[in-house]
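Some notes on the structure that comes next.
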Amino acid sequence: MCLAIPGKIEHILNPLPMEKTGTVSFGDIRKEINLAFVPEADVGDYVIVHAGFAISKINQTEAQKIFRLLADDESDPAC
């Protein structure tokens, strides 16, 4: 099973289209992520990240829904 997680772009580190990278925040965790698949993404946008690559943009409302689902799952004793 593959897992993709939403994150918020905080900084663009390299703006070149085929090498575009940025710092993406996943709550308290920040990672350098390849943004080449989402060239339209910019600081403040939310992206879905899988294996170090942003694979699509997502709006803030949908990202917040996913954050809530993940938080609920962490508090479930059955998990």
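Taking the side-chain hydrogen bond (donor to acceptor under 3.5 Å, both in side chains) definition, one finds that Glu62 meets it with Lys65, sequence neighbours left out. Under the side chain to side chain contact (heavy atoms under 4.5 Å, CB included) criterion, Lys20 pairs with Ile12, Leu35, sequence neighbours left out. Looking at residues two or more places apart in sequence or on another chain, you find a side chain to side chain contact (heavy atoms under 4.5 Å, CB included) between Ile66 and Pro6, Ile48, Ile58, Leu70. Residues passing the ring pair (Phe, Tyr, Trp, His ring centres under 6.0 Å) test with Phe53 are Phe37, sequence neighbours excluded. Gln60 is linked by a side chain to side chain contact (heavy atoms under 4.5 Å, CB included) to Tyr46, Gln64, counting only residues two or more places apart in sequence or in another chain.
Proximity of Ile9 to Val47: side-chain heavy atoms (C-beta onward) are separated by under 4.5 Å at one or more points.
A pairwise comparison of heavy atoms in Leu16 and Asn14 identifies N-OD1, 3.0 Å as the closest pair.
Leu3 and Ile33 end up in the same hydrophobic cluster when Ile, Leu, Val, Met, Phe, Trp and Tyr side chains are linked at under 4.5 Å.
For residues 22-39, the set of pairs meeting the salt bridge (Lys or Arg N to Asp or Glu O under 4.0 Å) definition, not counting sequence neighbours, comprises Glu10-Arg30. Sorted by first and then second residue, the pairs that involve residues 50-61 and meet salt bridge (Lys or Arg N to Asp or Glu O under 4.0 Å), not counting sequence neighbours, are Asp45-Lys57.
Of the possible donor and acceptor atoms, none in the side chain of His11 sits under 3.5 Å from a partner among the backbone N and O of Val43.
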